[in-house]
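I have placed the structure first, in the form of structure tokens, so that the comments after it can refer back to it.
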Amino acid sequence: MTPSRPYKETPSYTATQNACKLCTPLGASLVFQGIEGCVPLLHGSQGCSTYMRRYLISHFKEPVDIASSNFTEETAVFGGGANLKLAIENVARQYAPSMIGIATTCLSETIGDDVRLILNSMDNSINGTALVHVSTPSYSGTHVDGFHGAVAAVVDRFNPADKRIVYRPKKKKTINLFPGMLSNEDLRHLKDIFEDFHTPVTILPDYSERLEGPSWQEYQAIQKGGTTLSAIEKMNVSVHSMEFGAVLALAAEKGQATAGGILNKRFGVSCTRLPIPIGVKATDRFLDILSQISRRPVPERYKKEKWRVVDTYVDGNKYVSKKRALIYGEEDFVVSMAGFLAEVGIIPVLCASGGKSKTFKAALEQTLPENLIDQVIIQNDMDFTCMEETAAAMPEALRPELIIGNSKGYAMARRLKIPMVRVGFPIHDRVGGSRILHVGYKGAQQLFDTIVNAILTEKQTESRIGYSYM
Amino acid sequence: MTPSRPYKETPSYTATQNACKLCTPLGASLVFQGIEGCVPLLHGSQGCSTYMRRYLISHFKEPVDIASSNFTEETAVFGGGANLKLAIENVARQYAPSMIGIATTCLSETIGDDVRLILNSMDNSINGTALVHVSTPSYSGTHVDGFHGAVAAVVDRFNPADKRIVYRPKKKKTINLFPGMLSNEDLRHLKDIFEDFHTPVTILPDYSERLEGPSWQEYQAIQKGGTTLSAIEKMNVSVHSMEFGAVLALAAEKGQATAGGILNKRFGVSCTRLPIPIGVKATDRFLDILSQISRRPVPERYKKEKWRVVDTYVDGNKYVSKKRALIYGEEDFVVSMAGFLAEVGIIPVLCASGGKSKTFKAALEQTLPENLIDQVIIQNDMDFTCMEETAAAMPEALRPELIIGNSKGYAMARRLKIPMVRVGFPIHDRVGGSRILHVGYKGAQQLFDTIVNAILTEKQTESRIGYSYM
Amino acid sequence: MTSISVLKQREKQIYQKGKQPFEMTCETKSLAGAVSQRACVFCGSRVVLYPIADALHLIHGPIGCASYTWDIRGAQSSGPELHRMSFSTDLSETDIIYGGEKKLKKALLELIEKYSPKAAFIYCTCIVGIIGDDVDAVCRQVEKETNIPVIAVHSEGFKGTKKDGYKAACDALFSLIERNKAPRVTIPDSINILGEFNIGGETWIIKKYYEAMGVKVVSVITGDGRVDEVMQARNAALNVVQCSGSVTHLAKQMEKEYGIPFIRVSYFGIEDTSDALYQVAVHFKKTPEILKKTRELIKKEVKAIVPSLETMKKDLEGKKAAIYVGGAFKAFSLIKALKTLGMEVVLAGSQTGTKEDYEVLRQMCNEGTVILDDSNPLELAKYSVEKDADLFIGGVKERPIAYKMGIGFCDHNHERKIPLVGFEGMVNFAKEVHGTVTSPIWDLVPRRQNPIGKEGAI
Amino acid sequence: MTSISVLKQREKQIYQKGKQPFEMTCETKSLAGAVSQRACVFCGSRVVLYPIADALHLIHGPIGCASYTWDIRGAQSSGPELHRMSFSTDLSETDIIYGGEKKLKKALLELIEKYSPKAAFIYCTCIVGIIGDDVDAVCRQVEKETNIPVIAVHSEGFKGTKKDGYKAACDALFSLIERNKAPRVTIPDSINILGEFNIGGETWIIKKYYEAMGVKVVSVITGDGRVDEVMQARNAALNVVQCSGSVTHLAKQMEKEYGIPFIRVSYFGIEDTSDALYQVAVHFKKTPEILKKTRELIKKEVKAIVPSLETMKKDLEGKKAAIYVGGAFKAFSLIKALKTLGMEVVLAGSQTGTKEDYEVLRQMCNEGTVILDDSNPLELAKYSVEKDADLFIGGVKERPIAYKMGIGFCDHNHERKIPLVGFEGMVNFAKEVHGTVTSPIWDLVPRRQNPIGKEGAI
């Protein structure tokens with residue numbers, strides 16, 4: 001049943017048609033939302049911040065405030081320094097934030113504003129509000145680069161090399177976790193896991209409360225929740241860092257500065273890089289490492305969850321075996337999701353991303369079993385139009401039967417008439433996008449149930465008969 | 001916008017056409033599966049146990065062993081005593097169970113086997129295996145009656161009136177919970193809640209592990225898990241009992257013997273009867289009572305969950321407001337589900353059940369706001385054919401837009417072209433039916449997300465355009 | 001697996017090839033308390049008659065029997081779908097006390113009025129036998145009033161085994177055929193297809209073959225069945241009976257009453273399908289054209305499927321299978337089909353095999369194969385694990401047993417929705433087997449984890 | 001709500017009727033750091049041109065501007081759907097350094113080849129203004145090579161406000177109209193519908209009315225728009241401009257160049273819709289038939305919707321609403337429509353109102369109503385809670401603010417999918433408002449819980 005090598009030619013165009021990526025500052029803004037008391041400020045036009053707010057709101061269904069330095073034509077000519085300062089002052093006054101996270105846009109980057117210099121001139125703070133800058137020109141990289149860049153910038157800012165390590169308590173073995181771009185439910189679940197391991201953790205960023213809070217009695221300028229600055233400042237005394245993301249790991253190997261890397265280099269905090277723990281095997285790996293570092297056994301609850309999900313895999317094996325899927329999204333997400341699919345017997349025949357790392361293919365080759373790689377088309381820097389054309393051009397026996405990714409693939413799925421399972425970011429056409437659980441055994445359980453049920457729904461609906469048993 | 005009184009005539013036939021109920025022994029068998037080490041034994045034909053096993057397996061995707069006394073023609077003529085004894089011996093030998101739960105079928109009931117007498121003659125036990133009998137003639141009542149009957153029979157058997165209360169420790173304030181027919185996930189969640197309240201609980205029955213266990217290294221004659229007999233024996237020293245089910249509560253008021261009622265009458269264990277906690281308000285009530293009895297505040301985790309779900313209700317209010325739903329299933333389930341729907345603004349225009357209690361309507365009237373009752377058709381002893389005909393005959397402006405219930409309504413939903421949300425029991429055409437969470441804030445969250453997304457899916461799919469934003 | 005003990009009374013129903021002298025006990029009642037995988041008389045009748053799509057199937061009894069059998073089978077219809085409804089008289093306490101005849105009659109008249117079926121079958125359940133309703137009398141009255149055949153099926157659950165249910169169904173069918181008062185005309189080169197229930201459209205596959213051979217199909221009993229067609233069955237020249245006996249009783253009756261000869265065949269697997277078609281062709285050897293066409297057909301069909309079977313065989317070679325099915329006849333075919341895929345059978349059993357059946361099984365199997373009659377979950381688990389099976393073939397009640405032990409599974413029962421008969425069915429079967437056996441999921445199950453120390457059941 | 005302080009520089013953009021003398025500051029740039037709800041120049045252009053369904057819309061810049069505006073609007077097309085695609089030159093680092101002209105040209109040629117659009121609009125984003133690409137030159141070249149209109153839209157985000165974007169779009173549209181070299185022929189009793197974008201099919205509703213009145217619609221700019229149709233716009237006798245100004249600039253240009261007069265109308269609410277249709281009818285009073293038909297139409301339509309509005313009004317009477325929309329003109333209509341439903345407006349504001357607009361607002365509103373220009377989340381929350389609003393009308397960015405405070409919400413922006421114009425639109429609007437305001441969900445929100453002690457934010 002090994003199908004012959006699939007159709008590998010993918011169309012190529014100069015223009016991007018329905019992009020499968022977002023611009024760099026969005027990722028940074030999301031990170032800033034995950035820090036307690038932090039307000040993101042985009043140094044650029046008003047539109048950037050409004051568009052990104054709108055985009056994030058449609059996913060999280062929560063207020064997402066992002067300030068703008070609001071360039072004018074004069075700013076563009078004479079430089080944005082004055083505007084930036086004014087913006088910082090106004091944000092500080094109106095929000096009284098703990099921190100302002102400043103991300104530069106293509107505009108300010110191109111006119112060459114030296115934000116670092118400007119902030120230095122302000123002592124990197126204003127009335128006790130810390131100012132942190134991340135360079136995010138949208139013409140280089142994608143939102144994922146902005147995300148990782150912001151995490152690194154924050155860690156860098158609050159853990160300077162000359163910082164004196166005041167204390168290193170032996171008992172509180174805090175672990176740093178840099179989870180990458182996960183859902184609120186993922187973050188909540190990870191916090192539960194660390195709690196059940198009785199191991200303190202500092203997760204950066206953690207927008208799970210801020211971007212999924214309660215209704216309010218009184219309006220809150222800045223929603224509650226997020227990683228505290230004091231926790232971030234103590235990251236250098238943690239016993240270990242964990243960084244999720246197979247592609248990020250390869251980038252770090254090649255010298256990219258990551259948060260975990262900075263802490264390792266400056267303070268010798270050891271760092272494990274591992275794929276996002278999606279699926280049983282990847283979760284096994286995550287919990288094994290956690291168990292080793294925390295010197296705690298895996299709690300009974302997770303053992304139960306694991307064997308329950310394995311049992312579920314078994315129950316559903318025949319529905320998914322040899323099914324062909326198209327997955328897309330952020331590169332790290334696609335890699336881990338492909339690993340999960342392979343683990344349950346689904347062939348990820350087309351793995352696509354708008355990302356531009358050079359290690360996407362390598363990461364997938366590390367993740368997927370050898371006998372599958374031949375059946376998989378791997379493509380980054382890909383837009384939805386090329387994805388659709390590639391899928392449509394595949395011979396019928398090799399064409400995807402299932403589409404797995406964020407809601408932006410809906411139009412494609414609709415035209416291709418292939419059922420779609422919504423995961424990842426963003427989910428704009430359903431509620432609860434931020435409550436999708438991907439990680440851990442429980443995440444594997446939910447993904448598996450959802451995927452099997454999508455297949456069963458399609459089968460039942462398309463059947464002339466529509467049986468009530470499956 | 002108050003629609004005029006809806007079409008209330010429902011068709012009536014002598015035959016039942018696609019029943020919305022099951023027979024009595026099934027409920028009893030399910031209860032027995034929720035007791036540690038217990039094997040159910042049906043006193044009747046071989047077919048009964050095989051059919052019920054098959055039915056339960058299709059929902060739980062787990063082995064469900066139910067023994068049979070396997071009547072022959074001679075048995076029917078000469079009485080089933082000998083067969084029953086042989087069956088008990090064989091089950092005891094092969095399974096070495098802690099208990100054998102014996103449910104009589106229509107056959108043994110009709111020929112008039114006096115099972116109580118037979119068991120008494122065996123001292124109600126065999127080689128240390130307890131024998132418990134519940135009378136479940138399938139011509140009277142439904143599976144729900146079998147369920148409650150079995151719970152009461154078990155409590156009765158292990159808490160005889162003359163039982164000496166050996167100890168009554170003041171510190172361990174155990175609560176008895178009789179949850180009724182809930183899903184595995186519901187039971188797991190309830191256990192978590194009690195744990196988070198630091199309050200020991202004895203839940204009867206608890207099939208959540210037994211009917212959703214791990215894969216095995218070695219075959220297990222009886223799966224692990226379930227309420228232990230020793231816990232059941234101690235129910236009379238608990239501080240309180242809680243019984244879920246609004247219809248059950250009304251039945252108890254009218255004198256039906258329930259588990260909580262027995263413990264109250266014999267031992268003075270106070271008992272609260274409340275609807276299944278589906279939805280925010282019903283969960284509030286449950287946690288309030290739990291908080292009062294345990295003298296513990298509602299844990300932070302649940303407060304967060306509550307306000308998160310309220311916020312989600314708000315986010316989705318316009319998708320559900322004034323939507324019309326048809327709900328069916330067990331009476332208690334329908335009552336609580338209707339309460340949840342009303343709470344979020346959905347009008348449960350048709351509430352149907354195959355159950356035969358005389359208090360279904362009264363329970364719904366207690367639960368639904370007064371201004372809704374007029375818009376609701378309430379009907380028990382109803383089958384799927386009458387349900388479908390009733391729905392189809394309603395004027396278009398009042399007809400259900402959403403069907404909520406177990407998977408047996410699929411054919412009806414398909415013909416009526418109304419989207420369907422699967423909840424309750426059984427789920428035969430999807431996986432994970434036993435993992436559907438109905439109770440608690442988290443259950444409300446998941447139900448709400450699922451319902452809103454079903455509405456959005458329908459809207460998006462049926463739209464000529466298929467927008468990618470909602 | 002020493003933890004599982006076999007009940008003493010069951011020892012004679014278990015045989016491991018090579019170990020003891022072969023002396024199998026079978027065709028007995030299931031042991032009380034043994035958790036048999038068997039059903040009851042009613043189940044047997046219901047299976048056989050279920051696919052008749054334009055008949056009313058009314059179950060006379062309390063609700064259970066109707067609820068548990070609602071739409072559970074994959075028998076397809078090309079037209080009416082009345083068979084997929086679940087009708088019950090839903091007897092209540094008062095009916096038990098005062099008798100259910102009146103209710104039955106009223107229900108029947110209403111339903112016939114509402115659905116205009118071509119005939120009605122009334123299934124008697126356990127309790128009807130006890131309370132003593134004269135169902136035959138009610139049927140006669142209603143038949144008279146409505147002018148359609150109204151036939152009682154005497155399928156009281158406790159009055160025998162599933163096989164007795166088959167017989168009761170055959171009696172009902174024969175009674176239906178008998179109602180055809182037109183003169184018998186034997187149609188040349190024509191057959192009835194018996195014991196074929198159109199699961200997943202299987203009837204249509206087989207009919208297509210016969211049509212290609214030049215053989216006329218007078219009726220199918222009961223796949224995609226129609227009352228009128230069944231009543232024409234008297235006019236066929238040959239009865240071709242599939243399945244290990246569910247409709248054999250009818251074939252025998254038709255032979256006795258109408259002199260229609262019958263042959264027993266199986267359409268499962270390349271070997272048996274070819275054999276079945278040849279047998280029919282040979283029967284009609286007076287029309288030599290048929291044999292010629294049959295040869296061409298088989299050649300063409302086999303050629304079409306061999307490449308994909310060969311590809312899958314590569315992955316399946318040497319894998320081990322356990323089989324537990326209703327009738328032993330099906331087991332024979334499965335063993336051959338699994339051989340085609342390079343697989344070995346390590347356990348074979350049936351709910352209803354005869355002594356002769358088990359002798360055949362014994363001969364077909366390798367040394368060491370376990371043979372079981374009317375088995376139960378504990379035994380099935382014990383032996384399939386002991387024999388290290390990669391695949392279990394059975395029905396919905398066997399599925400969780402296989403799965404719990406981390407063994408792949410193929411549903412070969414009436415609930416499946418995929419056609420497994422004939423040549424194309426063989427490919428479907430191979431795909432099903434291949435899909436489950438080669439799934440990477442088995443790497444994760446406790447049984448397959450090394451070192452064995454990693455506990456699964458926790 | 002004393003915890004929310006208003007920025008000093010913003011004080012002049014907030015007015016509470018009755019409190020101070022009215023002296024509203026507006027039409028200013030948004031304050032840096034103030035988290036305005038406004039967008040940018042590009043956004044303004046994109047909104048206006050978006051519905052032209054057979055044109056190619058290529059966004060020249062890095063990917064963000066294209067990603068965030070992909071398929072976000074409810075503007076429907078009866079035919080081609082090219083407008084729903086998101087095209088971008090997706091400029092990268094090297095393009096910034098070496099210039100994007102070549103890439104733009106290549107992209108354009110490829111896309112025109114692939115999709116055969118009737119025209120192409122190239123949107124210049126912030127960065128294009130900085131790196132100095134001569135987009136106009138590229139457009140000229142490509143127009144020459146492809147023979148379709150290829151038009152640069154000068155919508156660099158930072159070069160003004162959303163209004164400047166409207167103007168840039170109008171320039172592009174006028175440039176397109178100018179390309180029509182055929183002689184102008186004024187069609188009698190004909191109009192262009194301007195500033196109507198066919199959200200949820202609104203254009204079709206309005207067109208239907210005009211057709212019933214006997215008025216010819218030459219073009220709609222730009223709802224369900226087509227390039228050829230837009231190019232015919234020169235031939236209309238009257239421009240009927242909706243919306244508070246997005247396409248007014250074009251109407252003025254057409255008046256200046258072609259002498260086509262224009263009137264400003266709103267189709268929102270019974271009052272404004274009737275008024276709009278009457279105005280047009282009166283304009284064509286030389287054809288008295290039109291006025292007659294218009295009277296009949298309005299009478300019929302109003303009669304049809306009044307009963308259901310009255311029913312809903314019973315539940316809505318006395319409820320309070322907050323309004324924050326893009327243009328002030330829309331706010332006027334909303335206030336009237338809410339009055340029809342018995343509701344009171346307690347907050348009204350807009351992103352882009354003029355001094356005159358705010359004066360009108362002030363006159364329309366009751367004592368105590370808060371009037372806001374270019375507001376932000378904090379102010380909107382503060383005042384809608386202080387005024388105890390039951391309903392907030394705004395766009396997607398206002399939604400979470402209202403919802404967080406437990407206030408019902410009605411989307412009155414381009415993202416909605418339901419038509420709100422005309423008579424039938426009024427019913428839809430009422431339903432939306434009624435649905436959210438009467439939802440039982442509000443009983444559960446912290447703000448509505450008694451005693452107030454029950455904390456929500458935890």
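Worth knowing before you read on, the calculation uses all heavy atoms, side chains too, and leaves out hydrogens, waters and symmetry mates. Residue numbering restarts at 1 for every chain, and letters A, B, ... go by the order of the sequence lines.
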With chain B, the option among A/E62, A/Q446, A/K459, A/R54 that has the most non-hydrogen atom pairs under 4.5 Å is A/R54
Here the gap from B/D315 atom CG to A/S215 atom OG, rounded to the nearest 0.5 Å, amounts to 7.5 Å
Tell me, side chain or backbone of B/Y469 under 4.5 Å from chain A's heavy atoms, or both, or neither? both
Could you look at B/R415 and say if it's the side chain, the backbone, both or neither that has a heavy atom under 4.5 Å from chain A? neither
Give, as side chain, backbone, both or neither, the part of A/N184 having an atom under 4.5 angstrom from any heavy atom of chain B. neither
A/S468 OG to B/H428 NE2 distance, which is reported to the nearest 0.5 Å: 9.0 Å
Pick from B/D429, B/V314, B/T461, B/T312 with the largest number of heavy-atom pairs that fall under 4.5 Å of chain A: B/D429
So which atom in B/R414 and which in A/Q460 form the shortest heavy-atom distance, rounded to 0.1 Å? NH1-O, 3.0 Å
Distance-minimising heavy-atom pair for A/P214 and B/W307: CB-CB, 3.2 Å
Let me know if A/R301 has heavy atoms under 4.5 Å from chain B in its side chain, its backbone, both or neither. side chain
Honestly, the part of A/V310 sitting under 4.5 Å from a heavy atom of chain B is both
Atom NZ in B/K61, atom CG in A/D311: separation rounded to 0.5 Å? 12.0 Å
Taking side chain to side chain contact (heavy atoms under 4.5 Å, CB included) as the criterion, tell me which of A/D449, A/T457, A/V452 meets it with B/R430. A/T457
Side chain, backbone, both or neither: which part of A/Y319 has an atom under 4.5 Å from a heavy atom of chain B? side chain
Using heavy-atom distances under 4.5 Å, tell me whether A/I465 contacts chain B through its side chain, its backbone, both, or neither. backbone
Among B/Y467, B/Y410, B/F448, who wins on heavy-atom pairs under 4.5 Å with chain A? B/Y410
Positions in residues 431-442 of chain B that reach chain A, provided some heavy atom is under 4.5 Å away: B/V431, B/G432, B/R435, B/K442
Taking the side chain as every heavy atom from C-beta outward, state whether B/R188 and A/K304 have any pair of such atoms under 4.5 Å apart. no
